[in-house]
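Single-structure report; data block below.
Numbering starts at 1 and runs along the sequence shown.
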Amino acid sequence: MPVPAEAVTPLMRGITVLRRLTEAGGTASLSALERSTGLARSTVDRITATLARMDYVRLDGRDAVLAPRLMELGNAYLGALRLPRLLGARADALADELDESVSLAVADRDGIRFIHQATRRRAMSLSFRIGDLLPAERTAPGPLFATEWDGRDWARWRARRAADPEDRGFPALPPRERPLPEGDFEERTDRARERGWALDDQFIEPGLVAVAVPVRDGRTGRIACVASVVSHTSRHTAASLRDTLLPRLRATVEAMEADLREAAPAAVPAPSSSSPGLAAWTGASKQELGREFVESLARGLTVLTSFGEGRAELTLSEVARATGLARATARRALITLEHLDLVTAHDRTFALTPRVLGLGFPPLSRTTLPQIAAPHLAGLAQRVHDSASLAVLTGDEIQYTARVATSRIMSVNITVGTRLPAYPTALGRVLLADLPPDLRPRPGLRPLTPRTVTDPAVYAALLERTRADGYALADEELEEGLRSIAVPVRDHAGTAVASINVAMHSSRRTPEQCVAELLPELRATAAAIEADLHVAGGFTRVGVT
């Protein structure tokens with residue numbers, strides 16, 4: 001397809017860089033990006049500098065690393081689609097009931113793309129991620145979607161098969177080892193049309209089997225998504241999967257379709273108060289970074305975030321209003337995004353396509369809290385010149401899950417995975433304080449140093465003070481000479497899921513200095529971690545360890 005005359009070239013180049021980074025698993029050297037994109041090194045440098053300014057990419061030495069904030073692009077598509085929010089709980093419940101992995105997928109041209117995964121953890125388990133793209137002919141959902149293809153869709157599928165017989169354009173899959181038998185997919189599509197369900201008998205790879213049923217939109221009768229139960233031949237054959245699990249899958253799909261019929265229209269959110277500031281932000285970034293900041297790239301990517309729940313279809317005027325961009329600028333961005341198959345146009349409205357999930361979502365969809373926190377802890381440790389850590393509560397203990405140490409003659413020697421009693425530590429105290437009093441573990445308050453608080457009434461009052469203050473300071477209670485100050489890290493619901501601290505020898509700072517100098521830094525770091533956590537957790541489960 002020829003490039004439209006009004007297409008924004010820097011935006012096209014930036015999308016190419018994001019796609020190559022996604023295909024590389026989320027990390028690539030700048031030299032590798034230069035080779036894989038065919039762009040000049042100076043262009044790659046400018047694009048990655050712009051993406052870093054947007055917090056979409058982190059520059060780590062000579063490498064570019066996808067950052068959790070980039071998931072807001074995929075979140076915009078999933079929010080506009082609404083299916084994960086409406087149907088995800090049903091998929092999760094079915095996975096729990098069957099003790100098998102359950103997936104929801106949508107059509108993406110002649111492929112399928114996952115929008116929800118409820119995965120069982122086993123030695124042999126499903127490894128696909130939200131956003132992964134698979135060829136239709138190697139999946140159970142594929143024949144079901146193909147029942148709605150027209151002649152142009154079949155021609156596109158045949159052209160792709162001829163150009164890429166080994167499926168190397170699908171990084172989530174191993175290359176095809178055997179050619180597809182002539183007419184096989186067409187026959188499977190015919191059977192799926194007759195039966196209303198489809199099987200995958202090890203088409204993706206040996207050992208993987210699946211059964212799939214379409215979830216139809218009651219208003220149009222068309223397939224909204226496909227629900228699949230996925231297993232391994234060590235547990236089921238394709239036939240036993242059909243015979244034993246298909247009835248339960250069908251019952252769940254019926255409930256999903258009822259949910260779609262009964263769902264109230266999505267409420268249209270109020271325009272973001274930050275949107276009008278986009279022009280000012282890009283202008284300030286351009287002034288600060290000069291040629292290293294590609295303003296048209298930043299503005300074009302922001303157009304994608306104007307969509308979301310309650311904003312599935314937008315007119316040009318609505319996009320311009322949501323982003324604060326001039327109509328002409330928004331129009332050129334939409335023309336470019338439509339050319340790249342990221343946006344589709346119907347009459348005078350625009351909508352996102354599943355292809356938006358290909359911009360970093362798969363490698364980021366399994367990001368853990370320690371991975372999110374690590375670069376922020378590194379920045380904190382560099383600023384305060386003392387060690388910084390992240391920990392979670394496990395019963396009446398804390399477990400260190402991320403840590404950045406500083407090089408000092410006297411330093412706090414703790415490694416990731418270390419467990420310590422929660423009650424005498426600042427990290428543990430802020431987490432215990434967040435729990436309702438009747439749910440707090442009641443460990444024996446043993447004196448570990450002369451300063452350890454051991455009186456139950458005093459300790460209970462200390463936790464209430466910690467809860468009110470929003471931080472904890474442990475002064476030589478775990479070990480003599482060790483002083484630590486910590487704050488909580490909260491999820492979307494406001495629950496403290498982890499805590500971060502700065503720890504040091506007591507000679508480094510007085511308790512008053514810890515509060516005055518370190519507490520603001522800790523709170524700023526926690527806020528940055530929470531911002532990334534909230535984006536990453538929009539449609540995925542973020543592991544805390």
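Contact between P68 and T367 at its shortest, heavy atoms only, is CG-CG2, 4.5 Å. Across every non-hydrogen atom of R53 and S285, the tightest pair is NE-OG, 3.1 Å. Heavy-atom minimum distance, L86 versus L260: CD1-CD2, 3.9 Å. Contact detail for A526 and V489: the closest heavy-atom pair is CB-CG2, 4.4 Å. Listed here is the closest heavy atom pair of S228 and P141: OG-CG, 3.4 Å. Nearest approach of T315 to F350, heavy atoms of both residues: C-CD1, 4.4 Å.
Looking at T22, its side chain does come within 3.5 Å of a backbone N or O of G360 through a donor-acceptor pair. When atom types are taken as modelled, the side chain of E137 and the backbone of L180 share no donor-acceptor pair closer than 3.5 angstrom. A side-chain donor-acceptor contact under 3.5 Å links T353 to the backbone of D341. For the pair T323 (side chain) and V319 (backbone), a donor-acceptor distance under 3.5 Å is present. T16 contributes a side-chain N or O that, together with a main-chain N or O of M12, makes up a donor-acceptor pair within less than 3.5 Å. No donor-acceptor pair under 3.5 Å is formed between the side chain of R69 and the backbone N or O of Y56. Remark: side-chain polar atoms of R311 are not paired, donor with acceptor, to backbone N or O of A80 under 3.5 angstrom. Of the possible polar contacts, none joining the D434 side chain to the L431 backbone as a donor-acceptor pair under 3.5 Å is found. Of the possible donor and acceptor atoms, one in the side chain of H534 sits under 3.5 Å from a partner among the backbone N and O of R490. In this structure, the side chain of T495 does not engage the main chain of D491 through any donor-acceptor pair within 3.5 Å.
By the 4.5 Å heavy-atom criterion applied to side chains, E100 and L241 are not counted as neighbours. Inter-residue side-chain proximity for L33 and T48 is flagged as met; some heavy-atom pair is nearer than 4.5 Å. With a 4.5 Å cut-off on side-chain heavy atoms, R216 and I223 count as touching. A heavy-atom distance below 4.5 Å is not found between the side chains of I47 and T37. Within the 4.5 Å cutoff, the side chain of R222 has no heavy atoms near those of the D217 side chain. Side-chain contact between L87 and H116 is absent, with no heavy atoms from C-beta onward closer than 4.5 Å. Contact check for T305 versus T302: side-chain heavy atoms found under the 4.5 Å cut-off. Contact annotation: the side chain of F203 approaches that of R188 to within less than 4.5 Å [non-hydrogen atoms, C-beta and beyond].
A distance of 4.0 Å separates CG of L94 from OG1 of T252, quoted to the nearest 0.5 Å. One finds the CG atom of L325 at 11.0 Å from the OG atom of S296 (value rounded to the nearest 0.5 Å).
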Margin query: Quick one, S365 with R129, criterion side chain to side chain donor-acceptor pair (under 3.5 Å). Give me CA distance, side-chain angles, the key distance, then yes/no.
Written below: CA-CA 7 Å; S365 66; R129 306 157 300 184; 5.2 Å; no
Note to self: Using side chain to side chain donor-acceptor pair (under 3.5 Å), reason through T282 and E295 one step at a time and then give a plain yes or no.
What the structure shows: CA-CA 6 Å; T282 56; E295 197 168 6; 3.2 Å; yes
Next item on the list: With side chain to side chain contact (heavy atoms under 4.5 Å, CB included) as the test, would you mind laying out the steps for L357 and L78 before giving the verdict?
Entry: CA-CA 9 Å; L357 292 174; L78 294 172; 4.0 Å; yes
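The local environment of CZ in R82 is crowded, with over 12 non-hydrogen atoms from other residues, nucleotides or ligands closer than 6.0 Å. Environment of CG in D347: sparse, with no more than 12 heavy atoms of neighbouring residues, nucleotides or ligands closer than 6.0 Å.
A salt bridge does not link D110 to R156: none of the charged nitrogens lies less than 4.0 Å from a carboxylate oxygen. Salt bridge R161/D167: present, at least one basic N to carboxylate O contact under 4.0 Å.
When R193, E187, R191 are each tested for a side chain to side chain contact (heavy atoms under 4.5 Å, CB included) with T189, only one passes: R193. Residue P354 forms a side chain to side chain contact (heavy atoms under 4.5 Å, CB included) with just one option from L342, I112, L81, D108, and that option is D108. Under the side chain to side chain contact (heavy atoms under 4.5 Å, CB included) rule, F128 has a single partner from L133, T139, L173, V230, which is L173.
For the pair R138 and F170, the cation does not sit on the ring face, since its NZ or CZ is not both under 6.0 Å from the ring centre and inside 45° of the axis.
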